[in-house]
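Residue numbers begin at 1 in each chain, while the letters A, B, ... track the order of the sequences.
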Amino acid sequence: EEIVLPRRKTWDKLAVLQTLASTVNRDPTAAHYMFQDDPFLMPRNAANARLFALSMESGRNAAKYIIKQFPEYFDKILAEPNVPCLMPEMLTPQIEGVSEEALKERIHLRRVKESVDLFDQLIQASTPVSLETTNSLLDLLCFYGDGESTPEKEEEEKDELEEPGVKASEQKAPKRQSQRGLQSSGSRWSLFIDSRENNNAERIFKIMPERNAHSYCTMIRGMVKHGAFAKAYDMYIDLLNERHKADVHTFNALITAAPYLKERFLERWELAKDFLNHMAQQEVQPNLLTFNALLKTLRQCGGIGKSMSISVIKEMEALDIEPSLATYDHLLSIFYRGVEIRPSGIISDVLDDVEKRSFTPQDPDDARFFATAMEVCCDLKDIKLAYRLNKAMEKGDNWKFMDMDRSNAYWSKFFSLLCMMEQIEVVLKWYKEMSPSVFYPTPKNILDLLQALDAANHLEVIPSVWEDMKQLGFNRRPELLEELLSLMSRDQHPEEVQLAFAKCAEDIKAGYEQTGREQAPLEWTGSALGCVALLFSRVGRTQDAWNLLEHFQQINRIPTDKVMDEFLNCAKQTNCPEEAIKLVKLAASLGLSSSQRLKSRMEKEFELSEKQKKALESIRSDSDSSDSDSDSDSD
Amino acid sequence: MKVEVSYRKKLQQLKTREIKKQAKNKLEGLDSEGATLQRTTEDIQRGKPLNPELVEAASAVASSLPLNKKQTESELLAQLRRHEETTDKQKKGGTVNLRNVISEMAVQRQSPSQRGVRLSSRISLELDEDGQRIKPERSPESSDSRRSLRVGRRLNIFTKASTETEDALETVSSPTIWDLEFAKEIAAMTAQPPRNGFEEMIQWTKEGILWEFPIDNEAGMEDDAEFHEHIFLEKHLEDFPKQGPIRHFMELVICGLSKNPYLTVKQKIEHIEWFHKYFEEKKELLQEM
């Protein structure tokens, strides 16, 4: 018998860990792994989660900064083998002197100002600088937009790029992001727009003894990146005049600039098409990013976008270029933007394509697809599409395309849609599974949930929703409280439920009565006050209810008839005719039309002593209220 | 004379026209069109009858001249006639030219959908966001719901590059700062924080913070040599004498070196070589002794 030795298997160094990781499922009761697993330290809502994650990342960045700034304290190599990524980087340039080699080194280390200074020195010393080096200097200047790329600035930019999971989306905290964005690129913007300023890139470009296509291309890309669109177009015309060929990246940049060069939609599209024709003439092959840029431009072309985008897709097919998620994102935005949403076959077709494939990141706009698609499903009120989309999102690595903010927005929309369209059991199942481990409900989500519970006649779940609201920190939002209270107080419920509601109401009341804290004081409204009083009345807490009823005058509001009737019922059941009389007096003093009715109810339903009867008699409504008061005082 | 003949014929024609008209009225036939056509061509040929005053003036002029009176008169009248004809022709020619111009203009063919739309919804005054009037085809729902990604025509601007040209076009150039930064951006897009401890360990292993399992205790050591080259060093002792105190000494040296984990193989060989050189130098001394 022959023994066949099996070949030795070689495993990837991560194989074991990846297998282990695949066995771990999500814990629906825990927050994200990156947070401390302590109930006190878990973030309570989306804003908190973002804050915690950002603060953790900023802590890491602070540590990296210290190592970078003071490398002399971190030079001992203690680990064996050494861990290079934890050691300080050697970022000081080694080559001294005024030479092209030194310039190349500084360009490589991305020191913008030093490179420019060194270049100027070389030019003054009449040392020729090779075209290649000058081009790489231009690359550097055009990318960073002539602003200084100091280590701090680089950290800031890296912050924006490398904060895993906490990239600011357009929805959450837009002010902060745009401020930061403006700060870091504001100086560059002005330098490129304002030609009087000493714009190094343009200056160096002008004094170059010879230029090649690369020089022009990098200038165009830089100008487009930093908003100098008209200049970019002029530079392109120069490139054509010099009979150079532009590369595909330059064309992509020019296509994205088209909406800023023309006002009319048709002209924008025509300009973009011109660029495409030039590409074809110069035999530059388009790539995926070309077509994505085209669709992005079509988003700003109004109705033309709808008719032309299909042609663009067909062109991609003909060239065997597979669309990426960004392509589909642009398509959905073109067809489903604005006020008029008409169901069309586009989203089904898109989902058909997305379901079949697994995606790799190819375009920075890929990350926007899932949130956009879910928004469209929600606007179309199509739950089936949403389920399909969700399945596609969970397939393979597709979930990685969404960072924390986008994920929250996605799930928030999905949950709203579920509340609208699904049975309550399904809704509650999703709710328990997904929040708060995957997403944090927004106030709107809570409202949707309450409405779903109302529609399904499951109002007894409301006290647990209130607990969640407290957990999320929404317990001081007036609109939510109003909705909660009105739902609880609308109908009569069995006793247990009623007791639970009353407890809830007490909690809410405490919230209204809290003063002197950092939070903005919560003001009683008439309906809220009435609801709480009513809920107290229904469980027989007469004194509590009366205290609230007295409060009405302080806020210049009038209790509704329903509230007063309930209070009377309560007083009857708990045998507190005194309180009832007080109620009738109150009604009379406020001049309410119901005071008469209440009085007659009292006379019929209550057992009153003589004194009480007399007191009741003496209450008269309207102008006689002052007399009746004095009468009762005399008693 | 031509003129007179023509004039006479004209009169005859007038008479025949009247007869024809009456005949036409009687017949109510389809050849009325033909008759009118005939008439018009004849009209064009003969031209309009000249103004009688002009004719009289012409004859007066002819009579005043000493030359052949009749000929002069006929020539004058012919000239006048030619004037009339040219004027008429050019008058008519103007309209004919316009007709040519219009026929040269391309007629825009309307698709059936557009035609249907035009019929169903009259001219809409909806304005697109840029102030341009929205064409009627954009407003109704039917065209939107019919849109699909499967159906449509391509732009037809590009042609697919064959794979050979693609390979030829790919020039090897070092990545520029644009390429590097783009790659970083793309990588950062899907870099989400780890969801559990194992994913965290995966990330750390990739960064080099965590040891790779199974533990390789030569990790980080860039030693090209195998373990046997460190330990079995006798083969370097070939140059030394096989007997004697030197051999004994060198064997001890080798024993020590084989247990030394801090030197590379190269360094160990250098050690042995140094000894070899040393003893070579001292050989003469030893020989003397």
Given heavy-atom pairs under 4.5 angstrom as the criterion, report whether the side chain, backbone, both or neither of [X] touches chain B.
X	value
A:T360	neither
A:L289	side chain
A:R221	both
A:I107	neither
A:Q18	both
A:I313	side chain
A:M316	neither

Would you call B:F213 and A:V16 a side-chain contact if the rule is heavy atoms closer than 4.5 Å?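 No - every pair of side-chain heavy atoms lies 4.5 Å or more apart.
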
Are the side chains of A:T19 and B:F198 in touch, meaning some heavy atoms are under 4.5 Å apart?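 When only atoms from C-beta onward are counted, B:F198 and A:T19 do not touch, as no gap falls below 4.5 Å.
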
Given the rule in the side chain to side chain contact (heavy atoms under 4.5 Å, CB included) test, do B:L155 and A:K314 qualify, once you have shown the distances and angles that lead to the verdict? CA-CA 8 Å; B:L155 292 172; A:K314 287 290 159 199; over 6 Å; no

Of all heavy-atom pairs between [X] and [Y], which one has the smallest distance, and what is that distance?
X	Y	value
B:V151	A:I310	O-CG2, 3.5 Å
A:D349	B:R150	O-NH2, 3.3 Å
B:T176	A:H214	CG2-CE1, 3.9 Å
A:A280	B:I157	CB-O, 3.5 Å
A:A21	B:I202	CB-CD1, 4.3 Å
B:P194	A:H32	O-CE1, 3.3 Å

What I want to find out is whether B:D216 reaches A:K13 closely enough, with some N-O distance under 4.0 Å, to be called a salt bridge.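 The answer is no: the pair does not qualify as a salt bridge.
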
Under the criterion side chain to side chain contact (heavy atoms under 4.5 Å, CB included), I'd like the reasoning laid out for A:C85 against B:I209: C-alpha separation, chi angles, the key distance, then a yes or no. CA-CA 8 Å; A:C85 73; B:I209 297 174; 3.6 Å; yes

Would you say the side-chain atoms of [X] pair up with the backbone N or O of [Y], donor to acceptor, closer than 3.5 Å?
X	Y	result
B:E185	A:P364	no
B:T190	A:F401	no
B:Q192	A:K400	yes

Which region of B:L180, side chain (C-beta onward) or backbone (N, CA, C, O), has a non-hydrogen atom less than 4.5 Å from a non-hydrogen atom of chain A, or is it both or neither?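 Contact with chain A involves the side chain of B:L180 alone.
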
Between B:F158 and chain A, with a heavy-atom cut-off of 4.5 Å, which part of the residue counts as in contact: side chain, backbone, both or neither?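 Interface part for B:F158: both.
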
Working note: A:R110 + B:E181, criterion salt bridge (Lys or Arg N to Asp or Glu O under 4.0 Å); need CA distance, chi angles, decisive distance, verdict. CA-CA 12 Å; A:R110 310 243 183 126; B:E181 289 298 317; 2.5 Å; yes

For B:M189 and A:D366, what are the C-alpha separation, side-chain angles and deciding distance, and is it a side chain to side chain contact (heavy atoms under 4.5 Å, CB included)? CA-CA 9 Å; B:M189 187 172 47; A:D366 284 346; 4.0 Å; yes

So does [X] have more than 12 non-hydrogen atoms from other groups sitting under 6.0 Å from [atom1]?
X	atom1	answer
B:E280	CD	yes
B:K266	NZ	no
B:H271	NE2	no
A:D37	CG	no

Assess the residue pair B:W178 and A:C142 against the criterion (side chain to side chain contact (heavy atoms under 4.5 Å, CB included)); give the C-alpha distance rounded to whole Å, side-chain angles, the decisive distance to 0.1 Å, and a yes or no. CA-CA 9 Å; B:W178 294 101; A:C142 289; 3.8 Å; yes

Show, in sequence, the C-alpha distance, side-chain angles and deciding distance for A:D27 and B:R195, and conclude whether the salt bridge (Lys or Arg N to Asp or Glu O under 4.0 Å) test is met. CA-CA 10 Å; A:D27 177 0; B:R195 294 179 296 178; over 6 Å; no

What residue, out of A:N82, A:L331, A:D353, has the most heavy-atom pairs lying under 4.5 Å from chain B?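 Option with the top pair count is A:D353.
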
